Structures are given as C-alpha cells and as structure tokens.
2 protein chains.
Amino acid sequence: MAASMKDVAARASVSLGTVSNVLNHPDLVATSTRLRVEEAIRDLGFIPSAAAQQLRAGRAKVLGLVVPDIANPYFMEVARGVEDAALESGYVVILCNSDEQAEREDRYLAVLESQRVGGILIAPVRKSLKPLSRLLQHGVAVTLLGNAAISHDVCSASVDDTLGGGLAAEHAIELGHTRLVWLAGPRDIPRVSDREAGLMKAARSAKVHVTRIAAAQMTTAAGDTAMDSALANGLDATALLCANDLLALGAIRALNRAGLKVPDDVSVIGYDDIEFAASAAVPLTSVRQPKYELGYAAAKLVIGECEDPATHAHQRVQFQPQLIVRASTAPSRPRTR
Amino acid sequence: MAASMKDVAARASVSLGTVSNVLNHPDLVATSTRLRVEEAIRDLGFIPSAAAQQLRAGRAKVLGLVVPDIANPYFMEVARGVEDAALESGYVVILCNSDEQAEREDRYLAVLESQRVGGILIAPVRKSLKPLSRLLQHGVAVTLLGNAAISHDVCSASVDDTLGGGLAAEHAIELGHTRLVWLAGPRDIPRVSDREAGLMKAARSAKVHVTRIAAAQMTTAAGDTAMDSALANGLDATALLCANDLLALGAIRALNRAGLKVPDDVSVIGYDDIEFAASAAVPLTSVRQPKYELGYAAAKLVIGECEDPATHAHQRVQFQPQLIVRASTAPSRPRTR
DNA sequence: CTGAAAGCGCTAACAA
DNA sequence: TTGTTAGCGCTTTCAG
C-alpha cells in the first residue's frame, strides 16, 4: 500500500491537519514545519489518494470521453485535444467507446456516474439528451462533441456540419456534376444528419439530383460493401459524397474493383480530412474539421463548468469546416478540360 | 449530488448494512426486504460511488493505458482490445498519451499513482523499469505492452518483433534486393530495437548491406522528412524497410516527390499493418501484428493480477507477426520478371 | 500557527 | 436475518 497522510504526519511529527495544510494552504504553515513535512513527503514518496479527495469533494477530477468509434482517426485527433486540455488542468480522461451502440453508451454512462466524474464529453449515439438527464441533474458537466447543443442545459463544441455538407455539394456542382450520390451512414447518426441537410439544400438550390445510399457503419469496410451493392444495383453517378473519410476510402476500393477510375469516372469527396486522406490511393478531396482544436475547446468548456459551476454559462462553440481539394475530384467531363 | 446508500436505507427503512448486503451478498437478505431495497434503489436511481468503494478496497477498478501515440491507428486498435476486456470485467480505462516523451510519461505515472489504479498497461518510452518501480512496490499490476518483459516483476504481452523484422528483411532479400535501407524511429524506442535486431540478423546472414536512417518521430510527417533528406544526401537503394506503417506512408510521399516509383524503383515494407496500409496510394506490404488481440490479452493479464495478486504468476504472452504482401514490394529488377 | 475531530460513501466484522 | 460500528484517506472547521 502507498503511504498515506497519516504516515507523513507521523514521520514529520505533526498532525494530520498540518500535512493537509502544507499541501493545500502552504502559506498558513510556518516555514520550518513546512520544510519538515515536505521532506517527509519526499522520503515517503507520498502521493495523495485521488479517491479520498474526491470522496470529500463529491466529484472526481475525471472526464469521461464517449466516442462512437475509437478506431476512427478523426476521434483520436479529437481525443488528443481533450487529453492535452485535461492534463493541463490536472484532469484525467476515461476513454469510452460506445461503438455506435446505444446499449454500450448507456453502460458507459452508468460507469461514469459511478465514478462520479466531473464532466462528460460525448458524441452521442442518439439525438436525445434523455440518457444524460440523470447525470445532468446530479450536476455533472456535459458537453456535446460535434453536435450543436440540442438543449440549453449543456455546452457544445462542434463544427458547422450543415455548412460542411454544403461545401462538399457545391464543389461537386461547380465541377459540373449533375447526378450526385450521397453515401450516408446508418440512419440517425446525429452528426451525419446535418451534413446531409446542408448537402441536400445546396443540391436543391442548384436543381441537382441526389441519390442517397447508406452504409451499415461508418467504417472503411462498410463503405466498401455499401458501394459494392449499390453498383451491383446499377447505381450510376459521376460524383460521390461520403459522410466521412473512412466510407470514402472504402467506396473507392469498391469503385476500383468495378473498374471505375477516380476521379476520371467518378469524383469522390470525403469528410473529416483525416491524416490518411492525403496519402490514400487517390488523395482525397475532403471537408476538413479542426479536430484537435475541437477536442481541446470542448474539454476546456467542461473543465470550466466543473471548476466553477455557479458562474458557468452554457456555451456553444462552433468551428468552421474547410474544403480541401485534392486529386479525387475532377470536372464532370474530363474531355472538356 | 447523487443518492447515497444512506438515502436508500432510509427510503427502504432498513439499515445501511442491509443495503450493502443486498448489493454484495443478496443471498444473506430475506427476499421481501431485498425486494424493498431494490425498489428504493431503482426509485432513487442509486449507483454506488466507485470512490468510496475504492477507499475501502485500497485499489480502484481502473486501468491506466499509457501509449506513446494515441493518433497512431496501431495503438488505437490495441486500445480497443484493452477497452473491451476492461468493460467485461467492470474496469475503466484511463487514457494516457505519453507522446514518446519521458517527462510526460512520468507525469502520467504519478497521476495513475494518485488514482490508485489497479493496473497499468504501458508501452514504455524508455527501456528501464525504473520509473515503474514505485508503482510495482505499491502492488500495482503492470504489464508491458508490445515489449517482451525486461524483468520478472511484470507481465508482458508482445508480438515477436525480432521475428517480424526478420520477416520483412527476408522478404526483401528473396525479391533479390541487395541494398536495404532501414528507416528507424528516434534512437531507443524500445519496441523498434527488436525489429532492427531481427532485420540486421537476417541481413547479415544473407550478406546484404543495410543503411540505417532515422526519423525524428514515428509519424507520417517525420517519415516524409527523413526520406526527403536522405534522398537529398544521395541515398540510393532499392528496398526500404520501415519501423512502422506511418513512417512508410510518409516515406512513399517523399519518394514520389523525388520521382521514384513504388515498387518499380523502390520496394517499401511497413510494419504494423494498420488498416490504411491496404488503401494507401500503393497498397503497402507490411508486417501484421494482432493488435486487438494484443490489447485484449494484455488487459486480461493485468486484470487477472489485480483480482488475485496472491496466486498470480507473471506471464509473457507472445503473438506471432505475419508478413502481408501487397503492391509496394517487387523483385529487385523488374525486367527479369 | 498547530492539533483534534467530524464526515464524505462504502464494506465487513460483529452484535443482536 | 438485520442493525451497529469502525475505518479506508482526506479536507475543513473549530479550538487551543
């Protein structure tokens, strides 16, 4: 067992309270005793127990980070930002991979509740805040990651997905494409629906038709499969917009297998601009999100609320996406070039 | 504040101890009272405080996962395995990104000590176990991730990197390459030195020369930079073996910029076989590691030690790597084909 | 400036 | 079968 404050007190021949003061209110302690206590702390390698501190404080300096896919480089960039912000403030991050399953998300939410975490950063599986309501009641700081806040009870840090979807669509339209395909994820992934809305709006106003197909998950494999069966069903289009880069990478694989060249036969646009988009078989045109910054800002937001719930006002931080044009998109009729 | 056991006891008009028994020894409680207590628990939405439980138990059901690069898909696959194993056993994972910096690793180790975590999974920045010794003394279960155990005080789960390095070298040699380049990471990254040793051994016994160059980090960007300057310095070789896939992906970018074609001019072999290796510009030949399984096994190992330190015997679990041949490698003189 | 003591939420030993 | 109690490590009054 690790040394406790009692051990330190004994070694420095002072009382428990004095040790605590050395740690938390050093100015209240006479220099000579302070030095003596600090020496004892060093000798014993004493590190205070976070659990005991928390038991008194009511809340732990712990953040829960709930993401739908830990293997997605997008979320890992976000996680880096969260982690850096947390470490700066002495917080620790519990990693929760909901795997896009509501049931798993619920399980983790219960775990985080049992841990009495101070704050939760969540890219929710569902649109509703219902699963979070208990936590909110108990005063846990929650901020939504990637979704604009649905309610006024929480902070959110997001990227303007409607704009992003529009950016992608407009790029395709400007290139002269008139039959767009939207490769979506499973129905009701919240962070995808805004992208779809933005895209549809842009398409409508340009009077361009959009065919919607859906992958079963937001992964490379699912993108491949979805594209495969769409092609088998006679799908024919010159521009493919994807709900994220993983889907795009998978879809390109399927297109290539079918003998279609990107971008000569089909232009492909991804979303997220993960690092690998640039080194993909065909460098991918994609809508970039400031991932690290998003995570960092979101974490600062929750931590702020944790530290000072009284004066905290809920905020919505929104970043702007940016279209990164690479080799996977080309004008609709290459010969006109 | 969340409901406590006291609240539950009051609502069910029983004593504290009875509530505890309902939770931990339901068989000792009369059915009727048990039902009453369970109802109170449900009504109040009571979830026990992990901190309080831990304070008694001495250790938290928490695992620290310390990895050098959270953005590396390799470690994220490992993390998925860890996380799944943890959740199964009611453990929670604190994510610690050491960023390949000893100082940051130390900081996290202190944090984990303060959290009184039950176990630590670590892919250490340094070779020595010294930074971990205090934790070990305090009875924290430690297992090394990716490195075979350096000492007998800890478990380890690893992949045979010596073999893997050999596999890569032999593949290049069989293809007829006689001038190999080894693109290593910064000196002393433990998990890389075994790969280098295996590779060098294979090269020696085939009497093949190896030029060693080193990237500043294990990232795509660093691989690109390192290759760039090596080429500028007149490096000339037909086969490039890389310490991981990220380096390989970056190096390929630099090669392409220099007008060199993969695999026509240079064969490239990566290491790890991350998912994107398959969809890279040139699908990458790589040494595959069972990443998820590695993480899962490692987590089971620590958890086993946490749960029952007395009967626990330290183990070394070692997985076998596998060479996955893709398009980035070709015989040394294409015309001889 | 320092010490003593209460209490955070829980478990386990013991009493009833 | 149920209740009572001590104590895990810490912070924070309140006395001295």
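Being a predicted model, the structure only gives us computed values, none of them experimental. Every heavy atom of this structure was used, including side-chain atoms; hydrogens, water molecules and symmetry mates were not.
- Both R56(B) and L28(B) sit near DNA chain D, but only L28(B) has its closest nucleotide nearer the 5' end.
- Residue H25(A) places at least one side-chain N or O closer than 4.0 Å to OP1 or OP2 of dT12(D).
- Each of R116(A) and R36(A) was assigned the nucleotide of DNA chain C with the nearest heavy atom; the assignment lying further toward the 5' end belongs to R36(A).
- Using a 4.0 Å cut-off between charged nitrogen and carboxylate oxygen, R11(B) and E39(B) do not count as a salt-bridge pair.
- Taking atom CD of Q54(B) as the reference point, atom C1' of dG7(D) lies 15 Å away to the nearest angstrom.
- Residue contacts for S49(B): at a heavy-atom cut-off of 4.0 Å it reaches the sugar-phosphate backbone alone, with no base atom in range.
- The side chain of T33(A) contributes an N or O atom lying less than 4.0 Å from OP1 or OP2 of dT2(C).
- V19(B) comes within contact range of no nucleotide atom at all, as no heavy-atom separation falls under 4.0 Å.
- Checked by atom type, the side-chain pair Y91(A)/E307(A) shows a donor-acceptor distance below 3.5 Å.
- Between the side chains of Y296(A) and E88(A), at least one donor-acceptor pair of N or O atoms lies under 3.5 Å.
- At whole-Å resolution of the value, CZ in R59(A) and C1' in dC8(C) are 13 Å apart.
- A salt bridge links D84(B) to R104(A): at least one charged side-chain nitrogen sits closer than 4.0 Å to a carboxylate oxygen.
- Ring geometry for H312(B) versus H314(B): interplanar angle over 60°, hence perpendicular rather than tilted (30 to 60°).
- To the nearest angstrom, C1' of dG9(D) lies 14 Å from NE2 of H138(B).
- For K6(B) and dT11(C), the NZ to P distance is 15 Å, given to the nearest whole Å.
- Residue-level contact check: S20(B) touches the bases, meaning some heavy atom is under 4.0 Å from a base atom.
- Distances shorter than 4.0 Å separate none of the side-chain N or O atoms of T18(B) from OP1 or OP2 on dT2(D).
- Rounded to an integer number of Å, the gap from M5(A) CE to dC8(D) P is 13 Å.
- Atom P of nucleotide dT1(D) and atom CG of N21(B) are separated by 11 Å, given to the nearest angstrom.
- Phosphate proximity of dT11(C) to Q53(B): present, with a side-chain N or O under 4.0 Å from OP1 or OP2.
- Taking only side-chain atoms of F46(B), from C-beta outward, the nucleotide of dC10(C), dT4(D), dC10(D) with the closest atom is dC10(C).
- L16(A) has its CG atom 13 Å from the C1' atom of dG7(D), to the nearest Å.
- The distance between atom CG of N24(A) and atom P of dT2(C), rounded to the nearest whole Å, is 16 Å.
- Distances were taken from every side-chain heavy atom of L55(B) (C-beta onward) to each of dC10(D), dC8(D), dT11(C); the shortest belongs to dC8(D).
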